[in-house]
Amino acid sequence: MSKKHVFQFLDLPRTMPQRIPLELRTSGDWGELYGKFGKEEAQYQAGRCLDCGNPYCSWKCPVHNAIPQWLQLVQENRIEEAAALCHSTNPLPEVCGRVCPQDRLCEGSCTLEEFGAVTIGAVEKYIVDTALANGWRPDLSDVQATGKRVAVVGAGPAGLGCADRLARAGIQAVVYDRYEQIGGLLQFGIPSFKLDKSVIAQRREVLEGMGVEFRLGVEVGRDVALAQLLEEYDAVFLGTGAYRYTDGGLPGQDLDGVLPALPFLVQNGRIVGGNDPWGRPIAGWEDKLALPDLHGKRVVVLGGGDTGMDCVRSAIRLGAAKVTCAYRRDEANMPGSAREVANAREEGVRFLFNRQPLGIVAGADGTVAGVQVVETRLGEPDARGRQSAVPIEGSESVLEADVVIIAFGFSPSVPAWLAELGVEGTPNGRIVAGGGDRLPFQTTHPKLFAGGDAVRGADLVVTAVAEGRDAAGSIAQLLLA
């Protein structure tokens, strides 16, 4: 590629990889929406980078990727070096390149955002996919085995990030998970039109090549006691995630046709895949896993986060006749990725903002007939600094619905087998880690560390990856001092 000039970003506009045509998406195509850049497209987008003296993109990224540096390597066609640099900060770069809300993170902070940000996520995906396809693997030839062993509980983003960094430190990581596949919500909760499951299978192969051992279908607290892990291993990392359904307490939410978001996404993933690769249903949700046929139905999704966007876009692919997303604040305050909202809108989802649900309405047959909502206005900021949604008296109405999906979010909960050891938790179910004289991510038990959603509450994939990565650093500090 020829040497770029200073105003190249004006000559080369921002572009995204080609997408699956709309008519295929709305008729049931579950393939990844965005295709892949070729060499030329990736180099052109990388060439738009201004190589800022103060790279806001890197600072906004939770794992602080060396973005300008690997964009330069792409321009020079040094893909294996770029892949190594990606992995130096991010244990799961090909995943984050697909599922991160770049519009709120690196690309949203790009100096060129006003002109069209560099397509950072798509280039990251190109780097890692290309390098892995060409046979590149992380080089651990200089890593010396320490003889230390750590059990990682949970094969989600935090656990995988921790296992990667432990392996790089010469510490044997053994990952336990109750399901038959790795990935946690990457495997079970994110639809394949955002993250093809072959990506997770490949990451497992990479990690096993690094020496990480997986013991899947093994549930801590049932199949193996935490006390046994503490006895057998030098330390234990807890990356148990946030799976507790946020109960909105809506009247009528137990009616037939009302579904929590995560069981809907999990079971739908099973159906779409044509098999049941995970062995057993999520504990306590067995009665929710028989999904209604959405073909020709009116579907209302309550909640405006990324999980809500996954639900509305899945409903479209399942043949729903009309899909509505109701959110209690305005669009500017919607927590979901703007790109995901735009994709959903293009696929035919109707958005109703400033609508707060009051209850689920039953029809004559006792099944769902609609959702009663009230219009809202934005009021004073709440405890988190977000403007509260204030109901407008007399503005109630009913949204007709055959199926209602509740996507109010998820929370962690301290497992009983952990509480029995006296590990401190918060009233809202988070594991207490760090603080005081403890190492970062160290719990009130000296050999137990925790990170990701189990500590932070439900958050982004990339923040869980970052915390798993950094927790491994604290574990190495403890074990290798």
Side-chain angles (χ1 to χ4, degrees), residues 101 104 245-262 264-265 292 294 296-316 318 320-411 428 458:
R104 289 194 275 133
Y245 165 58
T246 299
D247 187 349
L250 296 175
Q253 66 182 21
D254 293 328
L255 291 170
D256 287 342
V258 180
L259 301 172
L262 192 52
F264 166 74
L265 293 171
L294 298 191
K297 300 290 181 64
R298 300 164 299 178
V299 177
V300 173
V301 176
L302 304 177
D306 287 335
T307 299
M309 296 309 98
D310 292 345
C311 289
V312 295
R313 298 181 64 205
S314 294
I316 288 289
L318 289 168
K322 183 178 182 181
V323 180
T324 301
C325 176
Y327 178 59
R328 61 178 177 166
R329 295 184 176 90
D330 61 9
E331 185 167 4
N333 284 279
M334 198 171 186
S337 164
R339 187 171 67 191
E340 289 301 303
V341 172
N343 287 331
R345 187 175 270 131
E346 182 184 51
E347 292 168 5
V349 176
R350 178 180 68 145
F351 286 88
L352 289 178
F353 299 104
N354 297 107
R355 300 294 199 284
Q356 181 167 314
L358 300 177
I360 314 298
V361 178
D365 60 354
T367 62
V368 169
V371 181
Q372 185 181 26
V373 297
V374 62
E375 294 184 26
T376 66
R377 60 175 177 80
L378 294 181
E380 296 299 318
D382 59 17
R384 296 177 297 172
R386 299 182 68 197
Q387 287 180 279
S388 59
V390 180
I392 299 173
E393 188 175 352
S395 64
E396 294 84 357
S397 63
V398 174
L399 307 178
E400 295 181 338
D402 304 302
V403 175
V404 176
I405 301 173
I406 299 178
F408 292 151
F410 306 94
S411 303
N428 59 5

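These numbers come from the heavy atoms of this one structure, side chains and all, not from hydrogens, waters or symmetry mates. Bear in mind the structure is a predicted one, so any value in this text is a computation, not a measurement. Here, residue 1 is the first one in the sequence, and each next residue gets the next number.
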Handout entry: Reference residue Val371; test side chain to side chain contact (heavy atoms under 4.5 Å, CB included); the match among Leu302, Val258, Val301
Key =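 So, applying the side chain to side chain contact (heavy atoms under 4.5 Å, CB included) to Val371 and each of Leu302, Val258, Val301, only Leu302 qualifies.
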Handout entry: Arg386, Arg329, Arg104 screened by side chain to side chain contact (heavy atoms under 4.5 Å, CB included) with Pro335, the one that passes
Key = Arg386
Which pair of non-hydrogen atoms, one from [X] and one from [Y], has the smallest distance, and what is that distance?
| X | Y | answer |
| --- | --- | --- |
| Glu400 | Val300 | O-CG2, 3.9 Å |
| Cys325 | Val312 | CB-CG1, 4.0 Å |
| Gly252 | Ile360 | O-CB, 3.5 Å |
| Leu265 | Ser314 | CD2-OG, 3.8 Å |
| Leu259 | Phe264 | CD1-CD1, 4.0 Å |
| Gly304 | Tyr327 | N-CD1, 3.6 Å |

Practice task
Could you give me the CA-CA distance, side-chain angles and deciding distance for Gln253 and Asp247, then say whether side chain to side chain contact (heavy atoms under 4.5 Å, CB included) is met?
Solution key: CA-CA 9 Å; Gln253 66 182 21; Asp247 187 349; 2.6 Å; yes
Side chain to side chain, [X] and [Y], heavy atoms closer than 4.5 Å:
| X | Y | value |
| --- | --- | --- |
| Pro391 | Glu396 | no |
| Ile406 | Pro260 | no |
| Asn333 | Phe353 | no |
| Glu380 | Gln387 | no |
| Thr324 | Leu352 | yes |

Handout entry: Test side chain to side chain contact (heavy atoms under 4.5 Å, CB included) applied to Glu340 and Met334, step by step
Key = CA-CA 11 Å; Glu340 289 301 303; Met334 198 171 186; over 6 Å; no
Handout entry: CA sep, side-chain torsions, deciding dist, call: Glu375, Ser397, side chain to side chain contact (heavy atoms under 4.5 Å, CB included)
Key = CA-CA 8 Å; Glu375 294 184 26; Ser397 63; 5.8 Å; no
Taking atom [atom1] of [X] and atom [atom2] of [Y], what is their separation to the nearest 0.5 Å?
| X | Y | atom1 | atom2 | answer |
| --- | --- | --- | --- | --- |
| Asp365 | Asp256 | CG | CG | 9.0 Å |
| Thr367 | Asp402 | OG1 | CG | 8.0 Å |
| Asp330 | Leu378 | CG | CG | 4.5 Å |

Any donor-acceptor pair under 3.5 Å linking the side chain of [X] with the backbone of [Y]?
| X | Y | value |
| --- | --- | --- |
| Asp306 | Ser337 | yes |
| Arg345 | Asn343 | no |
| Thr376 | Arg328 | yes |

Handout entry: Neighbour count above 12 (heavy atom, 6.0 Å) for Arg313 CZ
Key =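 Atom CZ in Arg313 is packed in, count exceeds 12.
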